[in-house]
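In what follows, every heavy atom counts, from backbone to side chain, and hydrogens, waters and symmetry copies are set aside. Both ligands and their constituent atoms are indexed starting at 1 by order of listing.
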Amino acid sequence: MSEYTPRRSVLYMPGSNARALEKAKTLPVDALILDLEDAVGPDDKPAAREAACAAVASGEYGDRELTIRVNGIGTQWHDADIAAASAAGPAGIVVPKVNTADEVRGLVAAMESAGAPEHTKLWAMIETPAAIFTIREIAQASDRLAVFVMGTNDLVKELQADHVPGRGPLMTSLSWALLAAREAGIAVLDGVYNAVKDIEGFTAECEQGRDMGFDGKTLIHPGQVEVCNSTFAPSEDAVAEAKGILAAWEEGAGTGVVTHNGKMIENLHVEIARRVLSTHEAILARS
Ligand SMILES: CC(C)(COP(=O)(O)OP(=O)(O)OC[C@H]1O[C@@H](n2cnc3c(N)ncnc32)[C@H](O)[C@@H]1OP(=O)(O)O)[C@@H](O)C(=O)NCCC(=O)NCCSC(=O)C[C@H](O)C(=O)O
Ligand SMILES: [Mg+2]
């Protein structure tokens, strides 16, 4: 199992928004996506690129993972974005609308030839039907690919679907991306919730994403951070349960099966309990 990095809350902000870049230094997010794509108008893109790279160089964001979302492959800004982001060396370069394994390999080659340091990983956005149909190949295309980010706004647009409670129209795409990410051993982040004032709806969607298996959720507003962090962290009850399972397992050492709180415990449940505890510890270390 690869080492767990907390990515419960991953907040987008326009690279062109100086106030948001400043505010982000105070927010308890696990990671930030400094956006050069959809949240930045064409005229502001060069300045946003410069500001995002300066933010990475500043060292003022503590242990928050800093990433830069570049403009998509084939756009007029893409090559310059990749070159500048690679030289800045953030934790991740987020690329929208990645559709094939060849694109992943091309992106990694471009990052490497632009001097991206080893710690700068590729985060691929999955947000088109084409990506869903090639998702296994994409997930396994490069060791430098560390994270899938679901682009649920673009997926809804491409599917000609609608944003509805329960996200029925998106379930196939979300599930396929999760399956491929887990098979490849990479992280996978849920998409954004657009209604920034609807905390009840947002909480339900966080819980759904957590229950499906996502590592965390991408966010668009500071008001979404707290709920997201607590939803994607193991609860006190889950931590107590995991400790109880490990204790019961040790007590029954050598037997293939024990019970805890009236439930059957086998080796796989012990592995889950260990994962819960290591997730809990990694989050505590971050706080
Ligand atoms: C949605 C917003 C435009 C709302 O902005 P605003 O009206 O300014 O919000 P508030 O007045 O409530 O803000 C309060 C304070 O918080 C700061 N703020 C707001 N948003 C952020 C943020 N994202 N990061 C950091 N700080 C933020 C404000 O500056 C206020 O600060 P202060 O005055 O000092 O108290 C806005 O929230 C926003 O722009 N959000 C991000 C939009 C974005 O990045 N979109 C692109 C990604 S979403 C996407 O498309 C995903 C994917 O591609 C897909 O297809 O799904
Ligand atoms: Mg998108």
Side-chain angles (χ1 to χ4, degrees), residues 7 9-42 44-45 47-49 51-52 55-56 58 60-62 64-75 77-78 81 90 92-99 103 123-132 138 147-164 167 169-170 173-174 177 188-199 201-202 205-206 209 214 216-229:
R7 295 190 182 106
S9 51
V10 179
L11 178 65
Y12 284 98
M13 70 201 55
S16 52
N17 185 336
R19 204 178 171 93
L21 286 174
E22 200 50 39
K23 177 127 188 144
K25 296 174 187 169
T26 67
L27 298 171
V29 289
D30 288 333
L32 296 163
I33 300 178
L34 313 180
D35 191 22
L36 310 183
E37 198 216 16
D38 285 349
V40 179
D44 294 331
K45 289 197 190 268
R49 184 193 297 140
V56 170
S58 73
E60 289 172 1
Y61 289 82
R64 297 165 190 85
E65 265 192 308
L66 275 190
T67 70
I68 297 177
R69 179 166 79 164
V70 298
N71 288 283
I73 297 167
T75 64
W77 307 282
H78 177 76
D81 287 352
I93 296 181
V94 184
V95 181
K97 302 176 186 74
V98 172
N99 287 335
E103 286 183 354
W123 292 26
M125 291 204 65
I126 302 302
E127 44 186 355
T128 62
I132 298 304
I138 294 174
V147 181
F148 273 168
V149 183
M150 301 310 297
T152 43
N153 277 314
D154 270 298
L155 269 170
V156 163
K157 170 179 164 259
E158 294 292 319
L159 295 172
Q160 300 179 17
D162 214 341
H163 291 281
V164 294
R167 295 192 292 178
L170 292 179
S173 307
L174 295 175
V188 56
L189 303 174
D190 201 355
V192 300
Y193 191 78
N194 297 330
V196 293
K197 295 209 156 77
D198 174 14
I199 288 300
F202 173 70
E205 200 171 285
C206 283
F214 284 103
K217 190 165 178 65
T218 46
L219 310 176
I220 51 168
H221 192 274
Q224 298 178 322
V225 175
E226 207 176 302
V227 166
C228 193
N229 277 345

Hey, looking at [atom], which of [options] has the closest heavy atom?
atom: atom 17 (C) of ligand 1; options: Lys97, Lys157, Lys23; answer: Lys23
atom: atom 50 (O) of ligand 1; options: Gln224, Glu127, Arg69; answer: Arg69
atom: atom 21 (C) of ligand 1; options: Pro96, Pro222, Pro14, Gly223; answer: Pro222
atom: atom 45 (N) of ligand 1; options: Gly15, Ala39, Gly72; answer: Ala39

Heavy atoms of the protein only: does one fall short of 4.0 Å from [atom]?
atom: atom 2 (C) of ligand 1; result: no
atom: atom 28 (C) of ligand 1; result: no
atom: atom 5 (O) of ligand 1; result: no
atom: atom 34 (O) of ligand 1; result: yes
atom: atom 11 (O) of ligand 1; result: no
atom: atom 41 (C) of ligand 1; result: yes

Sub-4.0 Å heavy-atom contact, [X] with ligand 1:
X: Glu22; answer: no
X: Gly191; answer: no
X: Met150; answer: no

Out of all atoms in ligand 1, which are within 4.0 Å of some heavy atom of [X]? Include the element for each.
X: Asp35; value: 46 (C)
X: Thr152; value: 54 (C), 56 (O)
X: Met125; value: 52 (C), 53 (O)
X: Gly151; value: 52 (C), 54 (C), 55 (O), 56 (O)

Among protein heavy atoms, which sits nearest to [atom], and what does the distance come to when rounded to 0.1 Å?
atom: atom 56 (O) of ligand 1; value: Asn153 N, 2.8 Å
atom: atom 32 (P) of ligand 1; value: Arg19 NE, 3.4 Å
atom: atom 48 (S) of ligand 1; value: Ile220 CG2, 3.8 Å
atom: atom 14 (C) of ligand 1; value: His221 NE2, 4.0 Å
atom: atom 51 (C) of ligand 1; value: Tyr12 OH, 3.6 Å

Under 4.0 Å, heavy-atom basis, I'd like to know which part of [X] is in contact with ligand 1: side chain, backbone, both or neither.
X: Asp154; result: both
X: Ala20; result: both
X: Leu11; result: side chain
X: Met13; result: both

(request) Return yes when at least one N/O/S atom of Glu37 is nearer than 2.8 Å to the Mg ion (ligand 2), and no when none is. (result)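 No N, O or S atom of Glu37 is closer than 2.8 Å to the Mg ion (ligand 2), so no.
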(request) Could you confirm whether Asp38 has any N/O/S atom lying under 2.8 Å from the Mg ion (ligand 2)? (result)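 No, outside the cut-off.
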Student check: side-chain heavy atoms of [X] and [Y] closer than 4.5 Å:
X: Trp123; Y: Val98; value: no
X: Gln224; Y: Lys217; value: no
X: Asp154; Y: Asp38; value: yes
X: Val156; Y: Pro169; value: no
X: Leu36; Y: Trp77; value: no
X: Tyr12; Y: Val149; value: yes
X: His163; Y: Asn153; value: yes

(request) Determine which of the N, O or S atoms in Glu127 is closest to the Mg ion (ligand 2) and give its atom name. (result)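 This residue's closest N, O or S atom turns out to be OE1.
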(message) For N/O/S atoms only: which one belongs to Asp154 and is nearest the Mg ion (ligand 2)?
(response)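 The Mg ion (ligand 2) is closest to the Asp154 atom OD2, counting only N, O or S.
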(request) Please lay out, stage by stage, how Met13 and Leu34 fare under the test side-chain contact (heavy atoms from CB on, under 4.5 Å). (result) CA-CA 5 Å; Met13 70 201 55; Leu34 313 180; 4.0 Å; yes
(message) Under the side chain to side chain contact (heavy atoms under 4.5 Å, CB included) test against Thr152, which residue among Ile126, Thr218, Leu170 passes?
(response)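 That would be Leu170.
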(request) Report the residue from Asn194, Asp190, Leu189 that forms a side chain to side chain contact (heavy atoms under 4.5 Å, CB included) with Val192. (result)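 The side chain to side chain contact (heavy atoms under 4.5 Å, CB included) with Val192 is passed solely by Asn194 among Asn194, Asp190, Leu189.
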(request) For a side-chain hydrogen bond (donor to acceptor under 3.5 Å, both in side chains) with Glu37, tell me which candidate from Lys97, Lys45, His78 qualifies. (result)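 Result: among Lys97, Lys45, His78, Lys97 is the only option passing the side-chain hydrogen bond (donor to acceptor under 3.5 Å, both in side chains) with Glu37.
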